A.B. asks: 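Dumping the structure here so I can ask a few things about it.
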Amino acid sequence: MTLGERQGDEKNDSKYCGVETEFNDDMPQLLSLNIHGGFDFVVAPLMDPAYRPSLLVSSNGGSGVLPFAGSDLVLSPSQWSSHVVGKISSWLDLDSEDEMLRRDSEITLKQEIAWASHLSLQACLLPAPKGVTCANYARCVNQILQNLSNMQLWLRIPLEKSDDDEDRSPNSMQGEEHRDSWEMWNSFRTLGEHHSQLSVALDVLSSLPSVNSLARWFGEPVRAAIINSNSFLTNARGYPCLSKRHQNLLTDFFNHSIQIVISGQQMQNFPTGTSVSNSHSSNNQSEGVEGMQRHPLRSYLDYIAYLYQKMDPLPEQERFELGYRDYLQSPLQPLMDNLEAQTYETFEKDTTKYIQYQRAVAKALVDRVPDEKASTITTVLMVVGAGRGPLVRASLQAAEETGRKLKVYAVEKNPNAIVTLHSLLKIEGWEKLVTIVSSDMRCWDAPEKADILVSELLGSFGDNELSPECLDGAQRFLKEDGISIPSSYTSFFQPVTASKLYNDIKSHKDLVHFETAYVVKFHRVARLTSPQPVFTFNHPEDSNRKSNHRYTKLRFEIPTDTGSALVHGFAGYFDAVLYKDVHLGIEPSTATPNMFSWFPIFFPLRTPMCVQPGIPLEVHIWRCCGTSKVWYEWGVTSPSSSPIHNCNGRSYWVGL
């Protein structure tokens with residue numbers, strides 16, 4: 001029985017809740033008890049915890065049958081696959097100083113994973129590393145992963161971080177004064193080469209680290225969160241509940257498709273019947289299905305379901321973008337390629353964007369022509385890159401709204417879009433108002449100069465679709481005192497943890513993909529600090545500036561309470577001033593609401609960079625211009641140096 005349904009997010013895996021169990025050699029009974037108790041899957045030991053390979057060998061010469069929890073025949077293949085996560089023996093210590101224990105641990109780990117693979121389980125839960133070092137553990141897991149088919153390995157990591165980071169001495173890392181479990185995870189996955197089938201199961205404890213420290217985990221491959229019953233509080237009616245911070249954390253888990261697993265024992269006797277907070281559930285009776293005794297952890301499950309069901313429905317825009325989450329797309333090449341009708345249609349549906357453009361044009365018209373001359377002066381407006389006409393329509397609506405007379409030139413290089421524009425001319429009755437020009441704006445000789453130049457050439461990084469080069473070419477037919485909409489735009493950079501994106505790029509096994517910037521709807525990403533401005537372009541451009549080449553160095557300080565974090569690359573955004581106080585953008589702090597034309601852009605790092613508290617992250621970015629292309633180069637110089645990415649535009653460029 002799922003936790004519930006969330007409108008618009010029906011495929012979210014976090015609606016399935018599991019329970020951690022003890023070893024039971026009667027697997028059908030164990031599964032039946034927990035499934036009928038309301039849980040969707042069990043995290044169950046596969047091997048008798050008393051088993052040690054060295055004892056078995058010494059007692060019978062190694063010919064005995066391994067003490068697994070029943071044969072593969074006791075459950076159907078679909079039951080094993082859908083309802084069982086294998087729990088690897090918790091006594092394992094692959095980095096023990098005791099050679100026999102270490103050897104037993106290595107053998108048992110391989111035996112249990114092999115058995116789980118034979119059962120076609122979707123995942124196995126690995127015990128947390130026990131000591132300061134985990135090199136041998138990581139080595140053995142990495143060996144297993146090289147030959148593992150599709151099964152995920154969840155490494156159990158306690159969600160803890162001490163709060164004395166700022167005060168600790170340089171030597172305190174060697175003792176118990178400082179503990180940050182993220183560093184344990186980072187060490188393990190680095191030793192394991194960032195394998196895509198290695199993920200995290202977080203052990204959520206009764207006390208939580210800071211908000212910033214928690215946030216970095218959402219860029220990591222967290223698949224499950226294990227909540228022990230002793231982390232729950234008791235409300236005034238005697239039912240289990242969680243602190244406000246735990247509730248917020250669980251909501252974030254739900255939003256990131258992280259499954260909840262309840263572990264432990266019932267901490268006290270809860271009232272029978274239905275609680276007020278859970279009264280929406282029809283399955284909260286004290287007796288379970290078919291007269292079975294109510295599951296001892298059912299009250300905890302009901303509370304988790306209550307939290308899941310009280311989440312707001314997914315907004316319409318988020319539903320539209322679900323399929324794009326963490327999906328890497330190459331940016332458009334608008335000068336080299338002609339857009340297809342479907343692409344035009346998607347962008348034209350973004351009404352918010354065109355409302356902003358209409359507001360900007362209206363303000364510019366009012367500033368350009370005073371009320372007393374509105375009936376006598378005709379403003380010349382040129383839409384450069386007119387596409388299928390949405391900016392033409394927005395400009396004409398602005399003229400009607402302000403009572404100004406307008407003469408419009410619609411300049412478009414795509415011959416297919418020109419066909420649509422001519423059709424619109426007749427349908428909308430624009431014949432006397434609009435002149436269609438089939439030409440590249442950089443080559444067109446305008447018959448007259450424009451009062452207002454309107455364009456929508458912006459990319460996710462502002463200038464990455466060559467708006468500066470296009471508008472420089474069009475600036476010659478703008479009057480000296482003419483207005484450009486947009487009048488300026490600024491790009492922004494932000495360091496992020498993005499394990500999924502990194503692994504997707506790594507899977508291509510080449511340099512080119514690590515030196516390409518991607519448009520992506522971020523989801524499983526941790527933004528580590530505030531974005532900073534990179535390049536600004538103004539239009540009309542100052543005539544003294546002849547080049548659109550740019551270079552800047554940024555210095556980021558990650559909040560100290562975050563702890564260490566891994567930077568997989570940089571998120572890029574833009575903010576544009578259309579005209580005066582009318583702006584448009586996707587930079588998170590000022591983003592235009594309900595706009596979907598642009599997703600952020602992602603600049604990856606070939607080798608992820610670990611940044612520790614108090615040590616700045618310095619990154620250099622270049623915008624380079626050649627005779628036939630424009631490209632970006634980027635590299636990190638602190639806390640250590642990375643190669644300069646995309647030297648000479650060898651992997652990624654935008655064609656002129």
Side-chain angles (χ1 to χ4, degrees), residues 331-332 334-335 347-348 350-368 379-387 389-395 397-399 406 408-412 441-442 450-479 481-492 531 533-543 545 548 550 572-587 589-593 595-601 623 630 654:
L332 296 173
L335 288 188
F347 291 145
E348 288 164 8
D350 194 344
T351 55
T352 300
K353 175 175 63 175
Y354 296 112
I355 288 170
Q356 291 298 89
Y357 267 99
Q358 184 175 328
R359 286 183 60 218
V361 172
K363 282 178 177 279
L365 287 171
V366 169
D367 285 353
R368 196 83 186 162
T379 302
V380 177
L381 182 145
M382 295 179 180
V383 178
V384 287
L391 282 184
V392 175
R393 181 178 284 106
S395 299
Q397 287 172 344
L406 204 58
V408 178
Y409 289 89
V411 185
E412 175 54 50
M441 70 185 78
R442 297 169 296 174
D451 296 287
I452 303 174
L453 200 63
V454 184
S455 63
E456 54 171 331
L457 306 167
L458 298 170
S460 297
F461 201 50
D463 56 81
N464 65 297
E465 292 185 11
L466 306 187
S467 179
E469 284 69 27
C470 292
L471 292 181
D472 285 353
Q475 185 171 316
R476 68 188 187 282
F477 45 77
L478 182 65
K479 290 178 180 177
D481 62 344
I483 296 168
S484 173
I485 298 175
S487 61
S488 70
Y489 38 88
T490 300
S491 51
F492 291 82
V534 186
F535 308 131
T536 296
F537 290 88
N538 296 289
H539 300 288
E541 182 58 90
D542 182 353
S543 58
R545 185 154 198 163
N548 287 319
R550 298 284 193 276
Y573 315 99
F574 80 91
D575 187 78
V577 176
L578 294 182
Y579 182 69
K580 291 191 172 177
D581 62 341
V582 183
H583 95 107
L584 197 69
I586 60 170
E587 193 278 312
S589 66
T590 59
T592 308
M595 189 174 67
F596 56 81
S597 285
W598 295 276
F599 292 149
I601 198 165
R623 187 184 196 268
V630 172
V654 188

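As the structure is a computational prediction, the values presented were derived from the model and not from experiment.
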A.B. asks: Can you list everything that forms a side chain to side chain donor-acceptor pair (under 3.5 Å) with Q397? Sequence neighbours excluded, please.
C.D. replies: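 None.
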A.B. asks: Could you work out, with side chain to side chain donor-acceptor pair (under 3.5 Å) as the rule, every residue matching R368, not counting sequence neighbours?
C.D. replies: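 Result, side chain to side chain donor-acceptor pair (under 3.5 Å) vs R368: D451, D481.
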A.B. asks: Looking only at heavy atoms, which two atoms of Q358 and A398 are closest? And how far apart?
C.D. replies: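 Residues Q358 and A398, closest heavy atoms: O-CB, 3.6 Å.
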A.B. asks: Once ring-ring contact (aromatic ring centres under 6.0 Å, His included) is applied, do any residues pair with Y579, and if so which ones, sequence neighbours excluded?
C.D. replies: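 Partners of Y579 under the ring-ring contact (aromatic ring centres under 6.0 Å, His included) test: none.
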A.B. asks: ring-ring contact (aromatic ring centres under 6.0 Å, His included) with F535: which residues, sequence neighbours excluded?
C.D. replies: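 Result, ring-ring contact (aromatic ring centres under 6.0 Å, His included) vs F535: none returned.
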A.B. asks: Please lay out, stage by stage, how S467 and Y489 fare under the test side chain to side chain contact (heavy atoms under 4.5 Å, CB included).
C.D. replies: CA-CA 10 Å; S467 179; Y489 38 88; 2.9 Å; yes
A.B. asks: In chain order, what residues pass the side-chain contact (heavy atoms from CB on, under 4.5 Å) check against S488, with sequence neighbours excluded?
C.D. replies: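 Partners of S488 by the side-chain contact (heavy atoms from CB on, under 4.5 Å) criterion, ordered by chain and then number, come out as N538, V577.
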A.B. asks: Would you please name every residue forming a side-chain contact (heavy atoms from CB on, under 4.5 Å) with F599, sequence neighbours left out?
C.D. replies: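 Partners of F599 by the side-chain contact (heavy atoms from CB on, under 4.5 Å) criterion, ordered by chain and then number, come out as E321, Y324, Q329, V519, K521.
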A.B. asks: Under 4.0 Å between a Lys/Arg side-chain N and an Asp/Glu carboxylate O for R550 and D463?
C.D. replies: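 Not counted as a salt bridge, because no side-chain N and carboxylate O are separated by less than 4.0 Å.
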A.B. asks: Holding to salt bridge (charged side-chain N to carboxylate O under 4.0 Å, His left out), I want the full list of residues that pass it with R476, two or more places apart in sequence or in another chain.
C.D. replies: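 Per chain and number, R476 pairs via salt bridge (charged side-chain N to carboxylate O under 4.0 Å, His left out) with no residue.
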A.B. asks: Tell me the closest heavy-atom pair linking E587 and P531, and the distance in Å.
C.D. replies: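 Smallest interatomic distance, heavy atoms only, reads OE2-CG, 3.2 Å.
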A.B. asks: Please enumerate all residues that pass side-chain contact (heavy atoms from CB on, under 4.5 Å) together with D472, with sequence neighbours excluded.
C.D. replies: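 If we apply the side-chain contact (heavy atoms from CB on, under 4.5 Å) test to D472, skipping adjacent residues, the hits are Q475, H539, E541, N548.
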A.B. asks: Just jot down the side-chain contact (heavy atoms from CB on, under 4.5 Å) partners of D581, sequence neighbours excluded, or say none.
C.D. replies: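 D581 satisfies side-chain contact (heavy atoms from CB on, under 4.5 Å) with K363 once adjacent residues are dropped.
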A.B. asks: Taking side chain to side chain donor-acceptor pair (under 3.5 Å) as the definition, give me every residue that meets it alongside S460, ordered by chain and number, with sequence neighbours left out.
C.D. replies: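 Not a single residue meets the side chain to side chain donor-acceptor pair (under 3.5 Å) criterion with S460.
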A.B. asks: Which heavy-atom pair separates Y354 from A394 by the least distance, and what is that distance?
C.D. replies: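 For Y354 and A394, the tightest heavy-atom pair comes out as O-CB, 4.0 Å.
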A.B. asks: Measuring only between side-chain heavy atoms, which start at C-beta, is P486 closer than 4.5 Å to L584?
C.D. replies: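 When only atoms from C-beta onward are counted, L584 and P486 do not touch, as no gap falls below 4.5 Å.
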A.B. asks: Which pairs, with at least one residue in residues 350-362 and sequence neighbours excluded, count as a salt bridge (Lys or Arg N to Asp or Glu O under 4.0 Å)?
C.D. replies: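 Counting only pairs at least two positions apart or across chains, the salt bridge (Lys or Arg N to Asp or Glu O under 4.0 Å) contacts touching residues 350-362 are K353-E456.
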A.B. asks: Output all residues satisfying ring-ring contact (aromatic ring centres under 6.0 Å, His included) with F477, sequence neighbours left out; order by chain, then residue number.
C.D. replies: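 Applying ring-ring contact (aromatic ring centres under 6.0 Å, His included) to F477 gives W444.
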A.B. asks: Where is the tightest heavy-atom contact between P390 and E348, given as atom of each residue plus distance?
C.D. replies: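 Heavy atoms only, the tightest pair is CG-CG, 3.9 Å.
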A.B. asks: Please report the shortest heavy-atom distance between F574 and G462, naming the atom on each side.
C.D. replies: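 Nearest heavy atoms, F574 then G462: CB-N, 3.4 Å.
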